[in-house]
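As structure tokens, the structure follows; a few thoughts come after it.
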Amino acid sequence: MVSAMRVRIRFHISCVGLMLVLVALPACNNKVSAGDREKTVLDTQMGDATFYSRRFQGDRTASGSKFDNRRAVAAHGSYPFGTVARVTNLMNGRSVNVVIVDRGPYGKNRREGAIIDLSRTTAERLGILREGRAQVKVEVLTWGDDTYSREHSRP
């Protein structure tokens, strides 16, 4: 009777261990859940994020599109236009997917370590409006084709 009980206990411990491995294993890969499909993280950068001033609303971006502070868009120094990146605030864990439509950051922000400029809406979602900047992780989910927008192209 005692040996049967030990076998049962060992079996249950093994099952719990297997379940823990199955739960932890997905966290060990470089895939990010994106709805019903998974996307591989193609590139990762760490640094500071800042956000656009309101005065840029409606201006042309380097990609040729009109800047809209209400959309989830961003400026990056080297990623191709149209690149989709997940930006994660390292202090609070919040993440937002953005599309790269402009070049930047520039000036003091860049010299002080900023790697990405975010639209105001994106900065608000990430919780960085009050501080003005935050340490972030930028993960490329899809590379853009670096083409100019239709608004910018000539007939």
Side-chain angles (χ1 to χ4, degrees), residues 16-155:
V16 169
L18 180 61
M19 290 178 72
L20 288 173
V21 167
L22 292 175
V23 168
L25 195 57
C28 296
N29 69 19
N30 65 343
K31 294 192 179 212
V32 175
S33 177
D36 294 332
R37 59 179 186 215
E38 289 193 354
K39 293 191 174 193
T40 301
V41 175
L42 304 171
D43 187 51
T44 303
Q45 290 186 351
M46 308 282 264
D48 287 354
T50 54
F51 60 92
Y52 281 89
S53 167
R54 285 187 174 131
R55 68 185 171 109
F56 291 108
Q57 177 67 28
D59 286 358
R60 290 269 178 214
T61 64
S63 68
S65 62
K66 283 187 180 180
F67 177 70
D68 187 350
N69 245 328
R70 298 166 298 188
R71 295 180 55 220
V73 295
H76 189 276
S78 60
Y79 288 162
F81 299 133
T83 295
V84 177
R86 176 173 303 235
V87 181
T88 303
N89 182 335
L90 297 177
M91 293 301 289
N92 61 22
R94 294 183 191 172
S95 294
V96 176
N97 289 356
V98 298
V99 178
I100 304 300
V101 297
D102 205 2
R103 291 289 169 240
Y106 293 108
K108 181 180 177 186
N109 288 339
R110 186 176 194 158
R111 287 191 302 274
E112 292 180 352
I115 60 169
I116 194 165
D117 268 337
L118 306 169
S119 64
R120 191 170 187 83
T121 295
T122 302
E124 185 175 14
R125 288 181 190 161
L126 291 173
I128 67 171
L129 281 182
R130 173 176 265 174
E131 299 298 321
R133 68 188 307 125
Q135 287 189 325
V136 297
K137 175 170 60 171
V138 179
E139 300 169 294
V140 173
L141 303 178
T142 306
W143 289 115
D145 59 10
D146 209 21
T147 58
Y148 288 100
S149 73
R150 289 190 184 127
E151 297 172 33
H152 184 69
S153 60
R154 294 181 184 161

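Below, all heavy atoms of this structure are taken into account, side chains as well, without hydrogens, waters or symmetry copies.
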Check your understanding: Can you tell me how far CD1 of I128 sits from CD of Q135, rounded to the nearest 0.5 angstrom?
Key -> 11.5 Å
Check your understanding: Does any non-hydrogen side-chain atom of Q45 lie less than 4.5 Å from one of H76?
Key -> yes
Point to revise | side chain to side chain contact (heavy atoms under 4.5 Å, CB included) between V138 and Y79, intermediate numbers included | key: CA-CA 11 Å; V138 179; Y79 288 162; 3.9 Å; yes
Review point. Regarding T121 and S119, is there a side-chain donor-to-acceptor distance under 3.5 Å anywhere?
Key: no
Exercise for review: Kindly give the heavy-atom pair with the smallest separation between G47 and I115, and that separation in Å.
Suggested key: N-CD1, 3.6 Å
Check your understanding: In Å, rounded to the nearest 0.5 Å, how long is the span from CD of E139 to CG of D43?
Key -> 10.0 Å
Point to revise | Minimum heavy-atom distance between N89 and V136, given as atom pair plus value | key: CA-CG1, 4.1 Å
Check your understanding: Do R60 and K66 come within less than 4.5 Å of each other through their side chains, counting heavy atoms only?
Key -> yes
Review point. Would you call M46 and L90 a side-chain contact if the rule is heavy atoms closer than 4.5 Å?
Key: yes
Practice item. Would you check if the side chain of N69 reaches a backbone N or O of R120 as a donor-acceptor pair within less than 3.5 Å? Key: yes
Point to revise | Rounded distance [0.5 Å steps], CG in L129 versus CG in L118 | key: 10.0 Å
**Study point:** E124 CD: over 12 foreign heavy atoms closer than 6.0 Å
**Key:** no
Revision key, fill the gap. Which of T122, V87, L141 passes side chain to side chain contact (heavy atoms under 4.5 Å, CB included) with N97? It is L141
Practice item. Search all heavy atoms of N92 against all heavy atoms of G127 and return the closest pair with its distance. Key: ND2-CA, 4.3 Å
Check your understanding: Which atom names give the shortest non-hydrogen contact between A114 and T50, and what distance separates them?
Key -> CB-CG2, 4.0 Å
Practice item. Determine the minimum heavy-atom distance between A74 and V98, stating which atoms define it. Key: CB-CG2, 3.9 Å
Point to revise | Donor-acceptor under 3.5 Å (T83 side chain, I100 main chain) | key: no
**Study point:** Spatial distance of atom NZ (K137) from atom CD1 (I116) [nearest 0.5 Å]
**Key:** 14.0 Å
Check your understanding: Under the salt bridge (Lys or Arg N to Asp or Glu O under 4.0 Å) rule, what pairs show up with a residue in residues 95-105, not counting sequence neighbours?
Key -> R103-D146
Revision key, fill the gap. For V99, the side chain to side chain contact (heavy atoms under 4.5 Å, CB included) test, sequence neighbours excluded, returns V84, V101
Point to revise | Minimum-distance pair of heavy atoms, taken over all atoms of P105 and A75 | key: CD-O, 4.4 Å
